[in-house]
Amino acid sequence: MVYDNPWGTFLVEARDVLEKAFKLAYPELEVKIQLDKPPSREYGDLSCSACLSLAKKASTNPMEMAEVVLKHTSLKDSSFIEKIVVSKPGYLNIYLKRSLMVGEALKSALTLKDEWGYVKTDKPLRIVIEHTSVNPIHPITIGHARNTFLGDSLARILNARGHSVSKRFYVDDVGGQVALLAYAYKLAGDAILKLDAKPDHAIGRVYTTISALVEIRKLKNRAENLRKSGKYEEARRVEDELSDWIGILSEVEKKNSDVLQTLLNGMKFSDPEEEVREILKAYELGSEQAKQLIRPIVEKCIMGFKETLERVDVSFDFWDWESEIVWSSIVRRVLNRLMKSGCVKFENNVPEFEAGRIAEDPLVRRRLGIPDGFEISSLTLLRADGLTLYPTRDIAYSILKFQNADVVINVVGFDQTLPQIQVRLALYVLGYKEQAENQLHYSYGLVKFPGFKMSSRRGRYITLDHLLDESEARAYMEVSKISPHLSEDERRRIAKSVGVSAVKYSLISVEPSKDVVFDWDRVLDFKRNSAPFIMYSYARAHGITSKIGVESVEEFDPAFLTQPLEEELGLNIAMFPQVFVEASENLSPHTLAMYCNSLATIFNSFYDSHPVIKAEKNVREARLALVEAFKITMRNALKLIGITPVERM
RNA sequence: GGGUCCGUGGCCUAGCUAGGAUAAGGCACCUGCCUCCGGAGCAGGUGAUCCCGGGUUCAAAUCCCGGCGGACCCGCCA
């Protein structure tokens, strides 16, 4: 028989048996059966502590209660339960028919192959995942990379679960940052791109340069004025900031001196801040001239993104341009309807959405998943000059994302918690109540660099490309050391795969809510608990199957797998579908990363102590089946976190 | 000032949603293991007031309250 989730079947059987037994023994009690993993195998494979908490209600003691429940159990409808035993303070310990489980799991894995473990949901949904959405003014950095890998992994997981997933990238081409970049482009033209092979890297550098130039100019004036009016203390603070920016500029100058001159010359003839404002306004109003200035430079930056994303095997179904949303009438419609909702007040002649007022209703909070004490401030919807603001456009975008979706998952950093809540509240007020409930903020802690705060304006960041380069170089060294017999080409190919995987794994394997302090040594540590370690176990397994030939897996008798490590490996393979189900329900890629690591660890132990090729025929066939099932399981599990194992490394 | 999140051996991390039996891994350190399917490995060892204090409970790393420390948010920036 082929099981799509053997361990899950065992869980259901155990729960059924105990539920029925409790009902027979204590019909008056409401019992919710929870099954745990016992601390060691001597206590069986599952344990139930219900008697410990219920004994008092049944006016008995836990031991006695467990004995009574045990007497009422019947195993006739279950195939995987070996026995149930009462132990110490009152546990019911369930023992699995281990070798049956191992045999069924191996057969199922070998039969289902690429589909093994991907248990389908009975409620398929249309799910939009918006992730990455890096502003097109600088390259993708290691800070964004966590977003990219988490989002991509979520998409892979939900897709494997049977949902219809679409991945969207929000191109934030409206706003001051892009306008500032466009201003530099206006002054220096295509020269800003010729500096570097990759357009996004060149653009990032120019963005820092123009930011510094404009900032320095502004701060100089301010400091002068402060000194003139005798505010020396304040002037000194401004001057400190000024010298900070001058430092940044001199850093950039080394690589950008010709462009810097052009920009400086251009700035003499105009007021930069005024020019930037003009560009911003013109673009939002849809002026052809502004489009011709902004679109090409943003497109170039996105080309750079796509190159990086291709490198890490991440793709998108839609690239949504923010400007398209502004130029369509959605934003205006949203504004008009919000105004009529009674939740907008005017402060200094500017409309503000009083998000906090709606959130006073505890019911609304519960529906939208807003913590009770969360303080929600108002949201300014328009600037005094009538131009839209980012959150306003984001509300409109949210509506757009729901056009063909039941659920929208926004992969957005923890620092955006408040605006994400404000958007949901706006949806609610606008009458999109269900959508407001089904818009999820998938939050994750920021990636920080020890020593300084990463800042894209200040050019203080590490690009994902750079990190990948380092990782690939490291991987290349390792491959060359261990497999010098492989061709140069193949070693390059392997290094690329291993290098990218190492970076992905290190960013995915940490629970999302935790901050990550970036550490070169840790990301490039290829020992245990890393992608290279996991991939290495796969390559070893492949070494065995390729030497024997996979065809011979057809016939095997799991009864020959009698060693504890064989059983352990088999059981862990059997658990994969259940691990997948839980990871997909909890949106938890890191659980899968941890699973891959422990599966690899167990395989390595097995590998070390139980030879396959040299074993006697029956044992060899059974072990070969185990190894092949391991490979299938590992491949399928790794795929969910965006990693493809290599056969040699 | 208010709020949100995080706080687990020297360092990094899992476990917390759904409270249960000796708190699980990695790095570092120490001891063994390559005539044996690939040593990016394996076997073992040293090392923990689970931030602190209360509370709930037969039972708390896990739930509640109050502190402390760190990060972040509270913009006519995005």
Side-chain angles (χ1 to χ4, degrees), chain A residues 32 34 36 38-40 43 47-50 52-53 55-56 61-62 87-91 93 135 137 172 174-178 322 347-352 370-371 373-387 389-391 393-394 413-419 421 443 445-446 448 456-457 475 478-479 481-483 498 509-511 513-517 519 521-522 525-530 532-537 539-548 585-586 588 590-591 594 597-598 601 604-615 620 623 627 648-649:
Chain A
K32 220 179 122 198
Q34 201 201 313
D36 302 303
S40 89
Y43 297 118
S47 78
C48 171
S49 59
L52 276 73
S53 52
K56 207 181 240 177
N61 66 68
S87 82
K88 272 198 284 179
Y91 289 101
N93 288 331
N135 287 355
I137 48 167
D172 190 6
V174 180
Q177 296 186 324
V178 166
E322 187 174 22
E347 193 100 348
N348 304 322
N349 261 335
V350 150
E352 282 198 6
I370 304 166
F374 203 99
E375 185 193 280
I376 297 159
S377 51
S378 294
L379 184 68
T380 308
L381 295 167
L382 289 176
R383 304 174 15 148
D385 58 11
L387 295 185
L389 285 159
Y390 180 82
R393 304 191 288 265
D394 207 25
F414 162 73
D415 53 338
Q416 305 283 313
T417 307
L418 173 61
I421 285 174
S443 167
L446 304 182
K448 277 172 285 191
S456 46
R457 271 181 81 208
E478 292 283 334
V479 189
K481 198 169 74 196
I482 288 152
S483 305
V498 172
S509 60
V510 178
E511 210 265 326
S513 71
K514 299 212 179 187
D515 289 343
V516 169
V517 177
D519 182 343
D521 291 339
R522 208 173 311 135
D525 184 357
F526 290 0
K527 294 183 187 165
R528 280 182 259 191
N529 198 12
S530 74
F533 167 78
I534 294 164
M535 295 168 87
Y536 186 67
S537 73
R540 285 170 135 188
H542 180 77
I544 295 170
T545 55
S546 70
K547 267 175 194 145
I548 296 185
E585 297 307 307
N586 297 329
S588 171
H590 91 281
T591 311
M594 311 292 302
N597 186 60
S598 66
T601 304
N604 280 339
S605 298
F606 158 79
Y607 179 91
D608 215 58
S609 47
H610 303 304
V612 177
I613 294 172
K614 275 188 275 176
R620 183 177 65 233
R623 286 185 182 162
V627 172
R648 274 186 297 270
M649 60 188 279

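A, B, ... follow the sequence lines: proteins, then strands. Residue 1 opens every chain.
Between A:Arg522 and the phosphate of B:rG26, there is no side-chain N or O to OP1/OP2 separation shorter than 4.0 Å. Here A:Arg528 reaches the OP1 or OP2 of B:rC42: one of its side-chain N or O atoms lies under 4.0 Å away. Side-chain nitrogen and oxygen atoms of A:Thr417 include none within less than 4.0 Å of the OP1 or OP2 phosphate oxygen of B:rC73. Proximity of A:Tyr607 to the phosphate of B:rG38: a side-chain N or O atom is located under 4.0 Å from OP1 or OP2.
Summarising the geometry, the separation between NZ on A:Lys527 and P on B:rC42 is reported as 12 Å, rounded to the nearest angstrom. Atom-to-atom, CZ of A:Arg457 to C1' of B:rG75 comes out at 13 Å; the value is rounded to the nearest Å. Rounded to whole angstrom, the span from the CD atom of A:Glu352 across to the P atom of B:rC74 amounts to 14 Å. The distance from atom CG of A:Leu446 to atom P of B:rU4 is 18 Å, rounded to the nearest whole Å.
Across B:rG25 and B:rA71, the matching P atoms stand 32 Å from one another, rounded to whole Å. Remark: the separation of the P atoms in B:rC63 and B:rC16 is 10 Å, to the nearest Å. On the P atoms, B:rG54 is 32 Å away from B:rC72, given to the nearest whole Å.
Among the protein residues, A:Met535 comes within range of no part of the nucleic acid, since none of its heavy atoms lies under 4.0 Å from any strand. In this structure, A:Ser47 reaches the bases: a heavy-atom distance under 4.0 Å links it to at least one base atom across the strands shown. Heavy atoms of A:Ser87 sit under 4.0 angstrom from at least one base atom. Nucleic acid contact class of A:Phe374 (heavy atoms, under 4.0 Å, all strands): sugar-phosphate only. As judged by a 4.0 angstrom heavy-atom cut-off over every strand, A:His610 is placed among the base-contacting residues.
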Please assess A:Asp385 against A:Arg383 for the test salt bridge (Lys or Arg N to Asp or Glu O under 4.0 Å), listing each intermediate value before the final yes or no. CA-CA 5 Å; A:Asp385 58 11; A:Arg383 304 174 15 148; 2.9 Å; yes
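Donor-acceptor pairing under 3.5 Å, judged by distance alone, is present between the side chain of A:Asn93 and the base of B:rA21. Checked by distance alone, A:Ser40 brings a side-chain donor or acceptor within 3.5 Å of a matching partner on the base of B:rU22.
Of all nucleotides present, only B:rG55 satisfies the Watson-Crick or G-U wobble test against B:rC63, with each distance under 3.5 Å.
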